[in-house]
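Read through the structure below, which is laid out as structure tokens, and then see the notes.
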Amino acid sequence: MPAAEIRVTLPDGSQKVLPAGATAADLAKAIGPGLAKAALAAKVNGEVRDLARPLSDGVAVEILTDKHPQALDVLRHSSAHVLATAVRQLFPHAKIGFGPPIEDGFYYDFEVPTPFTPEDLARIEAKMAEVTAADYAFVREEVNRAEAKRRFTDDPLKLERIDDLGPDEVISVYTDGPFVDLCRGPHVPSTGRIKHFRLLHAAGAYWRGDERRQMLQRIYGTAWFTKDDLEAYLRRLEEARKRDHRLLGKQLDLYSIQEDVGPGLIVWHPKGAMVNFQLRRFIEDVILERGYQLVYTPHVTREQLFLRSGHLPLYAENQFPAMAAGEGEAEDVRYRVKPMNCPMHILIYASQQRSYRDLPIRLAEIANVYRNERSGTLHGMLRVRGLSMDDAHIFLREEQIAQEIFELLDIVELVFGKTFGLAYRLDLATRPAKKLGTDATWDQAERALEDALRRRGTTYRVDHGGGAFYGPKIDVKFNDAIGREWQGATIQLDFELPERFRLEYTGADNRPHRPVMIHRAIYGTLERFVGFLIEHFAGAFPLWLSPEQVRVLPIADAQVAAARRVAEALRAAGLRVHVDDRSDTLNYKIRDAETHKVPYMAVVGQREAEAGSVAVRARGAGKKQEVLPVEEFVRRLVNEVRSRALNPLV
RNA sequence: GCUGACGUAGCUCAACUGGUAGAGCAGCGGUUUUGUAAACCGCAGGUUAAGGGUUCGAGUCCCUUCGUCAGCUCCA
């Protein structure tokens, strides 16, 4: 005999008794009318479900309202259905693909004969408003496979999906008004709960992400619980757009990419080159203090070298084509522009006998390498074909791995944490199924990496099976000033190349041993890192990196000579300074310096010229100014540069 | 590489359905000598990405190539 009542547990531990067959919506109603109205979905034993589904005895239930982070995913998933509902009304023959929630929004893929235009999007968005106004309930049904196929006879993509479902999987379909979709759910109770949404753009997307399959048309949108959230999100997009390094790079005259030179190739203008130079100088100082040795190797090498390293068979797609041999060389000798430096650094290692006492040997080179990235992937400085890697290869004994990794993480902390003030995260990627080297070697290597991570006391995540076939690695991830995640340093162990090149050192036992190799980059590439810095600082670099550090502004022509003397004093202290001696108003000069994001303006009027002082205005500080003797100003700036301060000290 | 959109002065953008390529800023010249985010007047600046085609006539329509952008795929 079925029980007449069920008992469920609420998040606060209290229990509630409901009639058998009661749904989560009933539970919300039983708790209070306010909650019933606000309820969007329910979390039953940890799984998010529709409100309309019946509860069973003994479950733990949490009613999700718009306060719950997971409710947003439900809202967005339902928004995707509303989008598809609208598209089907306007384009009845559109075949439907997938429509999941994603970070900040949702998308839905459609197979249509012609791509959507911006005008289509506007029409679809208007139709979506009708669908939400109609407030259709989302109705869930569980069906068997045959029934599911019958319902989607006209949707080949859905049929394919049904065929992929395992025999034990529950097949559910959701209906909202005129639209039926194969979908696991859950959904908000009705389309009327979706109020604040916006379609963003449409673009092609391969069916199931497979470039050999047909291309569908994907429409992206965003949805939020409140108007404020939606507007804040749109403002965030706008903020990101204003920080775009491609825009700022042009405005601040940092670099260009020119058709005459080629796509993906960065032309560093003097100001961008100064940022690049300061970063190089910094990292070179850091590593030279830590026992690294600088090397320089050629941009092109015989192709044979990359054959031996094993790159060519695997990597050829990303390499530029071979060049013919030089005059006097056999015809079959070909050259390649290098896509990486490791083989050449290995040859330096192998150029003489090495003793165990010499290890670790750390060879570093900030080198330009070239990779023939597919044209569609190029993106400003962030994805390029000419890369300046701050590369190094460390050759060491297995038992030295832990200590070396510890020291590498120290550099990571110095650069990312201390110097740039970034909160970063470390990801440890361990052995994949298909791998090189013995389990014992991997055991030791992985243990060594974990030892180092633990000794540093930093938190890290383990990506099981995420390592390369030739060794485990640690990746550094961090967030920028507006919360976006970036990939930074990478530290990669390698058992493969020492093998291929038969590298050796002589051990204390007077016998040959094989060293381990570490590939590592701290910035990654200067292109990407500078691109990141531009966006992170919105072009307002800290003093030590600023291409122009001080602009001296004489108020009238009479003070130009005094201004030049100030500039001379600054320049003598190693500061990058420019005198704006144009016959424009002070207002104009200030505006110009601000728009060029110069950290300091030093105003020299008659008073300052007579007193040997400057009126200092810091970038972005408005009218707040401080009058300082020139020597004091110089002293403070030098200190700010030396300490690589992130914020102005004046 | 794929799909779509786009490419006009150094920059940002105009030019109705094909009918004389314009403006602001920047630049240059002059006037002004300025006290904390744009002084005033003037001048110059273009093979409309490149090449081909249709047309009496092409920035505008068609084709090819190059490039950019949004994604997909790939990645430091």
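A, B, ... follow the sequence lines: proteins, then strands. Residue 1 opens every chain. Here the structure is a predicted model, which means the values were calculated and not measured.
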Got a salt bridge between A/Glu548 and A/Arg551, using NZ or NE/NH1/NH2 to carboxylate O under 4.0 Å? yes

Carboxylate-amine/guanidinium proximity below 4.0 Å for A/Glu238 and A/Arg241: yes

What integer distance in Å separates A/Glu111:CD from B/rG4:P? 14 Å

Once you measure the plane-to-plane angle for A/His299 and A/Tyr370, does it fall in the parallel (<30°), tilted (30-60°) or perpendicular (>60°) bin? tilted

A/Leu247 or A/Arg385: which one's nearest nucleotide on RNA chain B is closer to the 5' end? A/Arg385

Nearest-Å distance, CG (A/Leu199) to C1' (B/rA70)? 15 Å

B/rC43 pairs with, by Watson-Crick or G-U criteria that keep both distances under 3.5 Å: B/rG27

Taking atom P in both B/rU3 and B/rG10, what distance in whole Å separates the two? 33 Å

Just call it for A/Phe529: base, sugar-phosphate, or nothing, with non-hydrogen atoms closer than 4.0 Å on any strand. nothing

So what does A/Arg383 touch, heavy atoms closer than 4.0 Å: a base, only the sugar-phosphate, or nothing? base

Between A/His379 and B/rA70, is there a side-chain N or O to OP1/OP2 distance below 4.0 Å? yes

Whole-Å gap separating P (B/rC66) and CG (A/Leu378): 14 Å

Charged N-O contact under 4.0 Å between A/Glu404 and A/Arg290: no

If you assign each of A/Arg208 and A/Lys473 to its closest nucleotide in RNA chain B, which residue comes earlier from the 5' end? A/Arg208

Side-chain N or O of A/Arg246 less than 4.0 angstrom from OP1 or OP2 on B/rU68? no

If B/rU68 has a Watson-Crick or G-U wobble mate with both distances under 3.5 Å, name it; if not, just say none. B/rA5

Could you measure between the two C1' atoms, the one in B/rG45 and the one in B/rC11, and give it in whole Å? 13 Å

On the nucleotide B/rC74, are OP1 or OP2 found under 4.0 Å from the side-chain N or O atoms that A/Tyr206 carries? no

Under a 4.0 Å heavy-atom cutoff, the residues of residues 248-281 of chain A touching RNA chain B are A/Lys250, A/Glu259, A/Pro263

With rounding to the closest Å, how many angstrom separate the C1' atoms on B/rG42 and B/rU32? 15 Å

Can you tell whether the side chains of A/Asp210 and A/Arg208 come within less than 4.0 Å, N to carboxylate O? no

Could you please spell out the steps behind the ring-ring contact (aromatic ring centres under 6.0 Å, His included) verdict for A/Phe532 and A/Phe478? CA-CA 11 Å; A/Phe532 154 73; A/Phe478 54 94; 4.8 Å; yes

What class does the angle between the rings of A/Phe110 and A/Tyr108 fall in, given that below 30° is parallel, 30 to 60° is tilted and above 60° is perpendicular? parallel

Report the relative orientation of the aromatic rings in A/His345 and A/His393; use parallel for angles under 30°, tilted for 30 to 60°, perpendicular for over 60°. perpendicular

Euclidean distance, atom CE of residue A/Met381 to atom P of B/rA76 [Å, nearest integer]: 19 Å

For the pair made of CG in A/Leu216 and P in B/rG71, what is the distance, rounded to whole Å? 17 Å

At 4.0 Å (heavy atoms only), tell me whether A/Gly376 reaches a base, stays on the sugar-phosphate, or touches nothing. base

Between A/Glu119 and A/Arg123 (salt bridge meaning N to carboxylate O under 4.0 Å), is one present in this structure? no

Close side-chain approach of A/Val604 to A/Val552, heavy-atom, < 4.5 Å: yes

The contact string for nucleotides 34-45 of chain B, one letter per nucleotide 5' to 3', using protein heavy atoms under 4.0 Å with B, S and - for base, sugar-phosphate only and none, comes out as BBBBBS------

